[in-house]
Amino acid sequence: MSTLNLGILAHVDAGKTSLTERLLFTAGVIDEIGSVDDGSTQTDSLTLERQRGITIKSAVVSFVVGHTTVNLIDTPGHPDFIAEVERVLGVLDGAVLVISAVEGVQAQTRVLMRTLRRLRIPTLIFVNKIDRTGARYEEVLRAMSEKLSPSVIAMGAATGLGTRAALPVPYGAGDAAFTSGLAELLAEHDDALLAAYVDDPAALPYHRLREELAGQTRRALVHPVYFGSAITGAGVDALITGIRELLPRAGGDPEGPVSGTVFKMERGPAGEKIAYVRMFSGTVRTRDLLRYHRDPQTDTQSDTAGHAGGDPVNEVRDMEDKVTAISVFDRGSAVRRASVSAGRIGKLRGLGDIRIGDEIGIPPAVPAERRFFSPPTLETVVVPRRAADKGAMYAALTQLAEQDPLINLRQDRIRREISVSLYGEVQKEVIQATLLDEFGVDVTFRETTTICVERPAGSGAAAEIMGKDPNPFLATVGLRVDPAPVGAGVEFRLEVELGSMPYAFMKAVEDTVKESLRQGIHGWQVTDCVVTMTHSGYAPRQSHSHGVFDKSMSSTGSDFRHLTPLVLMSALERAGTTVYEPMHRFRLDLPADALGAVLPVLGRLRAVPRTSSANGHAYLLEGEIPAARVHELEQRLPTLTSGEGVLEASFDHYEAVRDTIPARPRTDHNPLNRKEYLLHVVRRV
C-alpha cells in the first residue's frame, strides 16, 4: 500500500479542522464528526485548542483512500504559529489549502499559498462553507486567480450558495467551457500540448487532459479548485477523488540507507520524549541503535550550563540512542509496530536527546528552500507571579522549547531573567495558558521588544600573547573579524597550523567564538562574519620534579575559553558593528477612500510603500515596515478602514538602524569591560 503525507492549511477559521473531521468520517475512521466549538475534534487535543477553537500544534491522523494510506497533518491557521506550519511543509507530499467561500482569500491564505508555491508542494484548493450566508463563487475564483495564482482551475460549479442545500456540480468531458479552459491552462506549461491545441483544440481527448492535469498538479504547476462544505459534507467526495488521482505518493526505498527528519515533539504520560519522524529512505526497527544529527548553527535552544557568552552553543553534533518503541499511523490512530519505513511517519521513543529539526541517519535530500524558517522577530521576558516558581518556570519553558525550538530561551544569569522569542502577541497567551494548565506556573510578561542583529562594519584584529601583560591566562589567541555576505552566518577559519596546539584547545576557541558572538557590541547576535584564528600558543603539560600535574604551569581548556571572549570582543570593537532591525514586507488592501487616512499613519510607523495600484473602489499598497510596528498597524487598521482593510505582513529582511541604536542588556560577565570580566572569571584584575 502506498503512502501520501498530506497537509491541511488555511487562514484561521476557514474550517480546516472541520474538513479534517469530515474526511475522517467519510473514510470510516470515526463514527461521529467532532465539533470545533464543542472541543471534540480529533486533532485539537490541547486544552487551550479546545477552549479557543483554534489549532496551535500540528496533529497527525490517517485514513485510507483506495490503496493509499493518507497521513493527514492538521496545521495551525493563526500567523503567530507559522513556524509550526513551516516545520510540517518540509515533510509533505501534497497539501490542501482551505478557503472560506464567505471571507474569501485572506491575509494568511496569501502567505501560505506563496510558501507552498515557493516550496513547489502540489496543492489542491478546497473552498469551504458554500452553505453559509454570504458564500460567493465567481468573486472567490477571481480573487484566487489575482491574489494566489493564475494557474487555478475550478473543477465544478456550485448551486444553492448560502443555503443548507448548497451543492457543487462537477464538470466533465461534456462541459465545453471547462475543457477549453483546462486545455488553455495546461498548454501554458507544456509545449507539445500547446502545439496540439493550436492545431485542433477539439482533437484533445478528455482523458489526455486529465492525465496532463494530474502530471502538472504533481509538479505544482496548476492547482485544481473544489467547492463544498465540511459541515454538510458537500463536495468532500470530489475532493477525496482529487487527492487520490492528482497528488503524488511518497517515494523512498525501504531497503535504502536510513534517512528522516524530526518535525514534531511531544511528551508521553511518563514524561518520555516522543519524536515524530518522516522517513525519506530506509527502515527503522525497534531496538535499532539510531544515529541522529543536529546542526549547531540552527539549534536555538538554551541550556543551563555556565558559558562565558551567556547564550550557549550546543556542542553535540552526532548522537546515538536505542529505539525502544515505534508507532505508525493507521486508520485514525497511532498503533505499535515493529518498524517504520520510507514514506511513512513514525512516532519514535527512546531517543533521549532528540529535538525538532534533527536528522536521523543520512541527512535527507530535501531542497534547500524547504529548510527555510522565517526567524521570530520579537521577544519578551517571562516573569513568574510567585518568585518561588522561577525554577519550575524554567524547567517548563525548557520542555516547551523542545516542542518549538524557535521560541529560543535566553537566560540572563546576571538579572536572573528568562526571555522567549515570539512571532506575535497571541503566542504570549498560549505560553501563559500552557504554563498554568500543564505545569501549574502562573506567569506574566514584560513589554514585547524587537530582536535585532549585528553585522561587522569592517575588519578588526586583536591578539593576546601568553606571558605578556595584560594576559593572565596560559594561552595565546589571535583573532581577525571580517564581514561576510548577508545570509552567510558565522564561519571560523584557521591561519595557524592545525597541529600548532592540541585540537581540544582549537575546538575550545572555535566553540567560544560562536558562543560569544551571540552578544555583540550592542548586545545583539553577530552574524554574517568570518572569524580567523591568527595566533595560537599554549603551555605543554608540565609538573614539578617528582610531582603530579600542575595546572598552574600547563594550559587547560578553560584558559582558552576565558581568553577568547576578550580577544574576540576587542577585534569586534576595532571592526565596528552595525545594528539591523527586522523588516516585514506588507501588502495592504483597503478601500480607495481610506487611503488618505492610512498614508500618514504608515509614515508615522516608518512604513515605506514601494508600489501601489488602484482596482475600482479598492487600493493595493505594498512596501516595507519595521517588525516592531506591525502589531500597531494591525490594531489601528480596522478603525482607519471601517473594518474593510486587509493586511498581510511577513518577515523579509534586516535593515540598518538609522536613528538611535537599540541596545540589548547583556546576559554575561561583559568581556567588553575587562576589569569586570576578569573579576568574575579569575577573581582578579
Side-chain angles (χ1 to χ4, degrees), residues 79-80 82-83 107-108 110-111 114 373-381 408 419-428 445-457 486-487 520-528 576-614 618-665:
D80 281 10
I82 188 64
Q108 183 69 355
R110 297 175 189 162
V111 173
R114 187 170 61 240
F373 283 96
S374 298
T377 56
L378 306 172
E379 69 177 354
T380 185
V381 175
N408 188 21
S419 301
V420 296
S421 302
L422 302 168
Y423 284 89
E425 294 295 317
V426 173
Q427 273 186 292
K428 291 164 77 170
F445 300 91
R446 301 243 181 96
E447 182 183 0
T448 302
T449 56
T450 306
I451 302 175
C452 298
V453 299
E454 293 184 50
R455 293 184 178 126
V486 173
I521 305 301
H522 302 281
W524 305 104
Q525 181 163 341
V526 181
T527 186
D528 301 335
T577 64
T578 303
V579 175
Y580 292 78
E581 65 177 330
M583 301 293 292
H584 282 213
R585 179 172 296 279
F586 75 85
R587 177 186 174 108
L588 180 57
D589 280 312
L590 69 161
D593 58 8
L595 183 63
V598 169
L599 286 177
V601 173
L602 291 177
R604 287 193 291 271
L605 297 178
R606 295 195 293 119
V608 180
R610 299 294 186 188
T611 62
S612 61
S613 59
Y619 216 87
L620 173 64
L621 287 177
E622 293 185 90
E624 299 166 0
I625 183 172
R629 304 302 183 97
V630 172
H631 184 60
E632 183 177 348
L633 179 58
E634 288 173 337
Q635 290 182 313
R636 300 192 61 176
L637 193 61
T639 302
L640 294 170
T641 64
S642 301
E644 295 185 30
V646 177
L647 174 67
E648 172 192 348
S650 58
F651 172 79
D652 188 68
H653 67 283
Y654 287 97
E655 188 172 292
V657 176
R658 296 181 177 84
D659 301 323
T660 304
I661 304 299
R664 189 193 211 184

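FYI, side chains are in, hydrogens and waters are out, and symmetry mates aren't considered; it's all heavy atoms of this structure.
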Would you confirm whether Glu622, through its side chain, and Thr611, through its main-chain N or O, come within 3.5 Å as a donor-acceptor pair? no
Just how far is it from atom OG1 of Thr578 to atom CD of Glu454, taken to the nearest 0.5 Å? 9.0 Å
Shortest non-hydrogen contact between Ala607 and Phe586, atoms and distance: CB-CE2, 4.1 Å
Taking all atoms of both residues into account, what is the closest heavy-atom pair of Leu590 and Val598, and its distance? CD1-CG2, 3.5 Å
To the nearest 0.5 angstrom, please state how far the CD1 atom of Ile451 sits from the CH2 atom of Trp524. 7.5 Å
Grab the two heavy atoms, one from Pro662 and one from His522, that are nearest each other, plus how far apart they are. O-CB, 4.0 Å
Gly487 versus Asp528, closest heavy-atom pair with distance: N-OD1, 3.0 Å
Working for side chain to side chain contact (heavy atoms under 4.5 Å, CB included), residues Asp652 and Met583: CA-CA 6 Å; Asp652 188 68; Met583 301 293 292; 5.6 Å; no
Tightest non-hydrogen contact, residues Leu422 and Pro376, listed as O-CB, 3.4 Å
Tell me if a side-chain donor or acceptor on Glu634 pairs with a main-chain N or O of Leu647 at a distance below 3.5 Å. no
To the nearest 0.5 Å, what is the distance between CG on Leu602 and CG on Leu637? 9.0 Å
Apply side chain to side chain contact (heavy atoms under 4.5 Å, CB included) to residues Thr641 and Val646 and explain how you reach the verdict. CA-CA 9 Å; Thr641 64; Val646 177; over 6 Å; no
Enter the distance from Glu581:CD to Thr377:OG1 here, rounded to the nearest 0.5 Å. 10.5 Å
Charged N to carboxylate O under 4.0 angstrom, Glu624 versus Arg610? yes
Minimum heavy-atom distance between Leu378 and Ala627, given as atom pair plus value: CD2-O, 4.5 Å
Within this structure, what is the CD-CZ distance for the pair Glu648 and Arg114, rounded to the nearest 0.5 Å? 4.5 Å
Among Leu633, Leu640, Thr639, side-chain contact (heavy atoms from CB on, under 4.5 Å) partner for Arg636: Leu640
Nearest 0.5 Å, please: how far is OH in Tyr619 from OG in Ser613? 7.5 Å
Within the distance-only criterion (no hydrogens, no angle test), does the side chain of Thr448 pair as donor or acceptor with the backbone N or O of Thr380 below 3.5 angstrom? no
Between Arg604 and Glu632 (salt bridge meaning N to carboxylate O under 4.0 Å), is one present in this structure? no
Taking the side chain as every heavy atom from C-beta outward, state whether Val486 and Arg455 have any atom pair closer than 4.5 Å. yes
Test salt bridge (charged side-chain N to carboxylate O under 4.0 Å, His left out) on Glu655 and Arg606 and set out the steps. CA-CA 12 Å; Glu655 188 172 292; Arg606 295 195 293 119; over 6 Å; no
